[in-house]
Each structure stands twice: as C-alpha cells, then as structure tokens.
Amino acid sequence: RQILENAGIDSSFYYDMPGNHDEYNDPTLAYYRANSIQGRATNLTQPSWSRQFSYGSYHFLGVCTPGNDGAPFSIFPWDNYGDDAGLDDGELAYIQADLANHTQAQLTLIFGHHPFEPHYYIETDTALTYGLSSFLSLMDTYGVPFYGFGHTHNYRENFYVKNLSKGVYYMNVASLGKSTENQYAVMAVDGNGLSLVPAQNCVWPVVLITAPVDQCLGSCDNPYSYEIPQKDHNPIRALVFDVNPVSRVQFSIDGSPDWQDMHQIAGTPIW
C-alpha cells in the first residue's frame, strides 16, 4: 500500500481485487478493505467503474471470487488448499444489479481472481466451487465478452464457451513481480473490438495491433473477428509504446516482404 501511495496511485484509476490469500483466516476480507486501494476507498470487495467517451460508455466490474468462510490455507486436502472460492447469493445479486445498471455501455469487461473451473493450467489449480452457473448465466444474458483473471501465475488465453451462447474471451495474466514472462497485458478497444498483447516488464517496444482485430485472439477462430473486405480505405491501426521516442512504424500484410509506413496521430501512441 505504501509503495502505491508513494507513486501517486489512487482509486480513481487503479483497481485491485481480492484473491484467495486475502480470504485465508479472514472471512470478511477486513485486511483487504483496510489496505487495498479500492477497499480503503469504498469498503467494498467488488469494484465497478465506467468510462464515458464521445463514442460511448464502457463498463468494468471486478468480482469477488474468494470464498467467504475464512478457511485457513492448508496443504491438505490437495484439491483446494482451503481455497473455497465462489460467488455467493449476495455477490451475485450485486453483479446482476450492476450489470442491469450499465446496459447502455458499449462493452462490459469483468475481472476476477479465479478461473471458472479448476485445472486450467496445472492439476493443482483451484477455481470457483459455487455460483458458477449463475455467474455464467448473467454474463450470457448481458452479453459480457471478456473475463480476465490471475491466480495461476501464468499467461494463457482462449474462449470459454461451455453453457454460453457465444463464449467469452477468457484471459489469464501472469503475476507482475513473481513470474518471469508475460507479466502484464495491454488491452485496447477499437470499434468495440477487443485486442490484447502480453508483455514483459522493461522489454520494449510493446506493439498492439487494434485494427483489424486478431482472428486468432484466444483461439482460432475468434468468434468476434470479422472478414476484411479488400478495400483501400480499410484502416490498419496499432498502439506502439517505447521508453525512447518512436520515429518510424511499418506494416506488412500476410507475410509480404513489402513494408509500408504508418503515420502517427500526433500526441498519441496510435499509428
């Protein structure tokens, strides 16, 4: 908390959610509420926020997936280490009300700590043990296209389609400061299409193509991608970040040896 405060990080743009270690021996998540950025600001465990632009509103929701029994960490049983994760009736009611209050949003993106199901990355991964079917039903009803989570300390992405009419982009990002690669991810919305690139701390440049959207985002075929007509006016856009000034960006299409210059939108990382 002190590191973040010294860096000027506050609740207006930094959103932290509780994980399984916050819940061990603490059924009310009192320590999270007292020390996290969002917990101290709101006394809530499920932060919700939105951003309004001239082209629409975008809604973000953090769900509290840790259990609420305060069970201690335990090596035994091997199946969950005392991590009785899930979403109870009160948490689900809050999620439903929050989604209903943001139906005008162009997109709603949801984040939580746990994956939906265990063994997503390794056999010892834990996941939601209750509330999953109701949660998936809410995501399906309100057309939520994305669920991002952590927990396994590894980067992985695909589409989760079980019991969903279309599926959600299901992205697991590795932990900053503990993992050795893909420690954070840059996401962007362009024309209401999601784009994402994993990145490693202090490795530059970071480049994210936002138009056209990636046909293989998560898995091929991305159900949210679209056919690109061969027209001269179709845009190609990318976000380019570097610690040094970027003087030139080029693109090629379908592995062509011909590279073409891109042009920067002044004052932005958009090319």
Side-chain angles (χ1 to χ4, degrees), residues 1 4-5 8-23 26-68 85-116 127-128 130-151 160 164 166-173 176 184-189 192-194 196 224:
R1 186 184 78 185
L4 295 176
E5 288 181 346
I9 304 299
D10 63 39
S11 61
S12 68
F13 66 95
Y14 184 89
Y15 299 89
D16 45 359
M17 283 148 275
N20 54 304
H21 289 268
D22 296 299
E23 191 270 339
D26 189 0
T28 65
L29 295 171
Y31 197 82
Y32 164 84
R33 296 172 195 265
N35 293 280
S36 66
I37 298 294
Q38 287 297 318
R40 293 182 69 206
T42 67
N43 198 37
L44 300 176
T45 58
Q46 299 197 117
S48 171
W49 67 102
S50 60
R51 291 291 181 266
Q52 184 70 45
F53 303 96
S54 60
Y55 45 85
S57 174
Y58 294 82
H59 174 222
F60 304 84
L61 172 63
V63 298
C64 183
T65 61
N68 51 18
L87 293 165
D88 64 24
D89 289 344
E91 290 162 340
L92 289 167
Y94 177 91
I95 293 168
Q96 182 174 17
D98 191 62
L99 291 173
N101 286 335
H102 291 88
T103 54
Q104 81 285 357
Q106 298 291 315
L107 294 175
T108 288
L109 308 181
I110 294 183
F111 299 84
H113 183 74
H114 291 83
F116 294 151
L128 300 184
Y130 56 90
L132 176 59
S133 61
S134 296
F135 184 42
L136 291 177
S137 178
L138 288 173
M139 295 184 73
D140 210 27
T141 298
Y142 289 94
V144 177
F146 174 86
Y147 178 73
F149 59 99
H151 191 55
Y160 188 95
L164 293 169
K166 193 167 186 178
V168 299
Y169 181 40
Y170 190 55
M171 192 274 288
N172 179 198
V173 71
L176 181 63
Y184 69 96
V186 177
M187 290 186 65
V189 176
N192 288 338
L194 287 174
L196 182 145
Y224 296 98

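We number each residue from 1, following the sequence as shown. Worth knowing before you read on, the calculation uses all heavy atoms, side chains too, and leaves out hydrogens, waters and symmetry mates.
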query = Atom OG in S36, atom CG in D16: separation rounded to 0.5 Å?
reply = 4.5 Å

query = When rounded to the nearest 0.5 angstrom, what distance separates OH in Y31 from NE2 in H21?
reply = 14.0 Å

note = Rounding to 0.5 Å, atoms CG (N43) and CG (L29) come to a distance of 10.5 Å

query = With sequence neighbours excluded, what pairs up with N192 under the side-chain contact (heavy atoms from CB on, under 4.5 Å) test?
reply = Y58, Q106, L107, V189

ask   = Considering residues at least two apart in sequence or located in another chain, which fulfil the side chain to side chain donor-acceptor pair (under 3.5 Å) criterion with Q96?
value = none

ask   = Who pairs with Y94 by ring-ring contact (aromatic ring centres under 6.0 Å, His included), at least two apart in sequence or on another chain?
value = none

message = The criterion is side chain to side chain donor-acceptor pair (under 3.5 Å); which residues satisfy it with N20, sequence neighbours excluded?
response = Y24, H113, H151

remark   = The ring-ring contact (aromatic ring centres under 6.0 Å, His included) partners of Y14 (sequence neighbours excluded) come to none

task = Looking only at non-hydrogen atoms, find the nearest pair between M17 and V63 and report the distance.
result = SD-N, 4.3 Å

message = Testing the basics here: between P18 and C64, what is the closest heavy-atom pair and its distance to 0.1 Å?
response = CG-SG, 3.7 Å

Under 3.5 Å, which donor-acceptor pairs link side chains of residues 49-57 to any protein atom two or more places apart or in another chain?
from: R51; atom 1: NH2; to: S12; atom 2: O; distance (Å): 2.9
from: R51; atom 1: NH2; to: Y15; atom 2: OH; distance (Å): 3.2

message = Less than 4.5 Å apart, side chain to side chain, heavy atoms only: is that true for P115 and Y160?
response = no

task = Verify, without hydrogens or angle tests, whether N101 (side chain) and A97 (backbone) share a donor-acceptor contact under 3.5 angstrom.
result = yes

message = To the nearest 0.5 Å, what is the distance between CG on L136 and CZ on F116?
response = 5.0 Å

key: side chain to side chain donor-acceptor pair (under 3.5 Å) against Y32, all qualifying residues, sequence neighbours excluded   = none

query = Which distance, rounded to the nearest 0.5 Å, do you find between the OG1 of T108 and the NE2 of H102?
reply = 7.5 Å

request  = Sequence neighbours left out, what passes side-chain contact (heavy atoms from CB on, under 4.5 Å) with S11? Give chain and number order.
outcome  = I37, Q38, A41

ask   = Sequence neighbours excluded, which residues qualify as side-chain contact (heavy atoms from CB on, under 4.5 Å) partners of A30?
value = D26, T28

From CA spacing to verdict: side-chain contact (heavy atoms from CB on, under 4.5 Å), E23, T45 = CA-CA 11 Å; E23 191 270 339; T45 58; over 6 Å; no

query = With a 4.5 Å limit on heavy-atom distance, are the side chains of Q46 and L87 in contact?
reply = yes

Side-chain atoms of residues 141-150: list all donor-acceptor pairs with protein atoms under 3.5 Å, sequence neighbours left out, distances to 0.1 Å.
from: T141; atom 1: OG1; to: S137; atom 2: O; distance (Å): 2.8
from: Y147; atom 1: OH; to: H114; atom 2: O; distance (Å): 2.6

message = Using every non-hydrogen atom in the two residues, find where I95 and L138 come nearest and quote the distance to one decimal.
response = CG2-CD1, 4.0 Å

remark   = S48 meets the side chain to side chain donor-acceptor pair (under 3.5 Å) criterion, sequence neighbours left out, with H59, D98

Pairs touching residues 33-48 that satisfy salt bridge (Lys or Arg N to Asp or Glu O under 4.0 Å), sequence neighbours left out = E5-R40

